Amino acid sequence: MTGLALLASACVAPRGGPPTAPTAPAERPAERPSTPIQQGLPQDVARHRVALLVPLTGTNAGLGRSLQNATQLAILDTNTDAIRITSYDTAGPGGAIAAAERAVAEGNKLILGPLLGEDARAVAPIARKARVPVLSFSNDASAAGNGVYLLGYSPTQSIERVVDYAKGNGITQFAGLIPSGVYGQRSSTAFLRAVESAGGKVLAMQNYDARPGSMNAAIAKLSGVPYQAILIAGSAGSATLAVPAIRRSGAGKAARVLGTELWNTDSAIASRPVLNGSWFASVPDGVYRQYAVKYRNRFGAAPYRLSALGYDAVLLTVRIARDWKNNTDFPASMLVDHDFGGVDGAFRFGRDGIAARALEVQEVRDGSIVTVSAAPASAQ
């Protein structure tokens with residue numbers, strides 16, 4: 001998809017005229033038999049039921065609401081009446097498990113979400129038993145497979161892309177500054193493999209954590225290493241703190257700074273002068289900018305960057321719904337080895353359930369973000 005569809009017009013049911021004064025009946029009318037009250041969602045056989053599992057309360061409620069808004073915007077933009085989305089709060093009583101159980105009990109045939117990898121793992125058995133695929137917004141590769149598909153931005157793919165670009169620009173000697181924790185562990189593994197595959201060498205890697213002085217101590221240990229580029233596998237905020245110390249030490253004075261997909265979630269990254277000249281790989285931003293304007297116009301606030309995952313999940317669902325018969329299981333086989341596209345560019349799910357994405361390389365340059373290597377047209 002290379003652009004966004006026009007918003008559909010909202011329809012409002014007309015109001016009736018003022019009530020007329022009642023007249024006394026000649027005789028008491030026969031009473032109508034009462035209709036039993038149905039529990040759960042009302043019957044809607046004309047549309048496919050799709051559940052959205054996101055945090056609508058708690059610390060991640062802002063992101064959850066933004067994902068929810070994005071799905072509503074996608075429904076309007078596609079002008080579809082083929083699917084019906086119902087939201088379930090994964091931060092409510094019982095957490096993601098209770099949300100998934102309710103979603104399945106109410107007849108939803110596809111789950112969009114949840115946001116976190118731990119929640120995706122928790123809902124997987126419930127969804128699998130009901131033959132309901134899960135399109136999670138997580139990037140935790142350990143949660144993928146057996147009916148769970150990950151839409152989240154993969155650090156492995158981002159690191160591979162930026163390392164390959166750096167190698168194409170003559171860089172062969174790398175160093176890494178890696179945060180402690182699961183994300184850092186996965187990033188370091190991806191970094192070593194990517195550099196080896198590109199024919200380069202990782203000369204050194206150092207870990208840092210949240211303790212005062214930890215990052216500066218890690219950078220000091222790299223001062224005698226003759227690296228040409230250094231991967232900072234953390235947030236743009238962490239990189240902003242690290243770069244001044246890197247520039248004061250040894251090879252770091254002239255080294256190219258590399259980042260990960262996390263940088264693209266920071267709306268202030270372009271305004272950080274210390275990051276000028278840095279490269280990072282991410283999903284393309286061209287169509288996202290159009291989406292962000294439309295989102296703000298409708299909801300009165302800027303979207304979270306990750307909310308595009310919700311929009312694209314609906315685009316994917318609408319596309320498959322053309323061949324999805326009502327009151328049948330979602331055709332999960334149509335998810336694998338098919339090209340999809342949307343706000344975040346081209347992607348496709350592999351047999352492992354992870355979305356392979358067509359990424360571009362961006363550079364922080366004088367207060368703006370410049371694309372220095374465009375994303376390919378296909379995710380293959």
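These numbers come from a predicted model, not from an experiment.
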Quick one: pull up CD in Q228 and CZ in F174 and give me the separation to the nearest 0.5 Å.
7.5 Å
Do R357 and Y153 meet the cation-pi criteria used here (NZ or CZ under 6.0 Å from the six-membered ring centre, within 45° of the axis)?
no
Residues passing the side-chain hydrogen bond (donor to acceptor under 3.5 Å, both in side chains) test with S214, sequence neighbours excluded, are D209
Test of understanding: with side-chain hydrogen bond (donor to acceptor under 3.5 Å, both in side chains), list the residues that count as partners of S158, not counting sequence neighbours.
none
Tell me whether R161 contacts the main-chain N or O of L359 through its side chain, where contact means a donor paired with an acceptor under 3.5 Å.
yes
Residue list, salt bridge (charged side-chain N to carboxylate O under 4.0 Å, His left out) with K167, at least two apart or on another chain
none
Does any non-hydrogen side-chain atom of R186 lie less than 4.5 Å from one of D140?
yes
Hey, is the main chain of V343 close enough, under 3.5 Å, to the side chain of D312 for a donor-acceptor pair?
yes
Separation of L335 CG from L135 CG (nearest 0.5 Å)
5.5 Å
Taking atom CZ as the centre, does R193 end up with more than 12 heavy-atom neighbours from other residues, nucleotides or ligands that are less than 6.0 angstrom away?
no
Would you compute the distance between atom CG of L231 and atom CZ of F191 and round it to the nearest 0.5 angstrom?
5.0 Å
Do the non-hydrogen side-chain atoms of Q72 and F299 ever get within less than 4.5 Å of each other?
yes
Ion pair check, R305 and D344, cut-off under 4.0 Å
yes
Side chain to side chain, D323 and P331, heavy atoms closer than 4.5 Å:
no
Measure from the side-chain N and O atoms of E360 to the backbone N and O of S282, and report whether any donor-acceptor pair falls under 3.5 Å.
no
Counting distance only, does the side-chain N/O of T371 pair as donor-acceptor with the main-chain N or O of S373 below 3.5 Å?
no
Counting C-beta onward and ignoring hydrogens, is there a side-chain heavy-atom pair between V364 and I369 closer than 4.5 Å?
yes
Separation between CD1 of I232 and CD1 of I246, rounded to the nearest 0.5 Å:
4.0 Å
Check whether more than 12 heavy atoms from other residues, nucleotides or ligands sit under 6.0 Å from atom CZ of R128, and answer yes or no.
yes
Is atom OH of Y165 surrounded by more than 12 heavy atoms (other residues, nucleotides or ligands) closer than 6.0 Å?
yes
Considering residues at least two apart in sequence or located in another chain, which fulfil the side-chain hydrogen bond (donor to acceptor under 3.5 Å, both in side chains) criterion with S223?
none
To the nearest 0.5 Å, what is the distance between CG on L150 and CG on D352?
8.5 Å
Exceeds 12 heavy-atom contacts within 6.0 angstrom, atom CZ of R247:
yes
Holding to side-chain contact (heavy atoms from CB on, under 4.5 Å), I want the full list of residues that pass it with A268, two or more places apart in sequence or in another chain.
D266, S271, R272
Test side-chain hydrogen bond (donor to acceptor under 3.5 Å, both in side chains) applied to R319 - qualifying residues, sequence neighbours left out
none
Does the gap between the ring centers of F347 and F340 come in under 6.0 Å?
yes
Is it true that a side-chain atom of R256 and a backbone atom of A166 form a donor plus acceptor pair closer than 3.5 Å?
no
Would S154 and N139 satisfy side-chain hydrogen bond (donor to acceptor under 3.5 Å, both in side chains), going step by step from the backbone distance to the final call?
CA-CA 5 Å; S154 165; N139 66 356; over 6 Å; no
Between the main-chain N or O of A313 and the side-chain N or O of T317, is there a donor-acceptor pair closer than 3.5 Å?
yes
Enter the distance from L110:CG to R49:CZ here, rounded to the nearest 0.5 Å.
14.0 Å
Min side-chain heavy-atom separation I83-I75 under 4.5 Å:
yes
For the backbone of D366 and the side chain of N276, can you confirm whether one donor and one acceptor N or O come within less than 3.5 Å of each other?
yes
With heavy-atom distances below 4.5 Å as the criterion, would you say the side chains of L53 and V123 are in contact?
yes
Judged by atom type as modelled, is there a donor-acceptor pair below 3.5 Å linking the side chain of S136 to the main-chain atoms of P114?
yes
With under 30° as parallel and over 60° as perpendicular, where do the rings of Y311 and Y291 fit, or are they tilted in between?
perpendicular
Check whether any side-chain heavy atom of Y183 lies under 4.5 Å from a side-chain heavy atom of L262, and answer yes or no.
yes
Could you tell me whether the side chain of Q157 and the main chain of A355 form a donor-acceptor pair under 3.5 Å?
yes
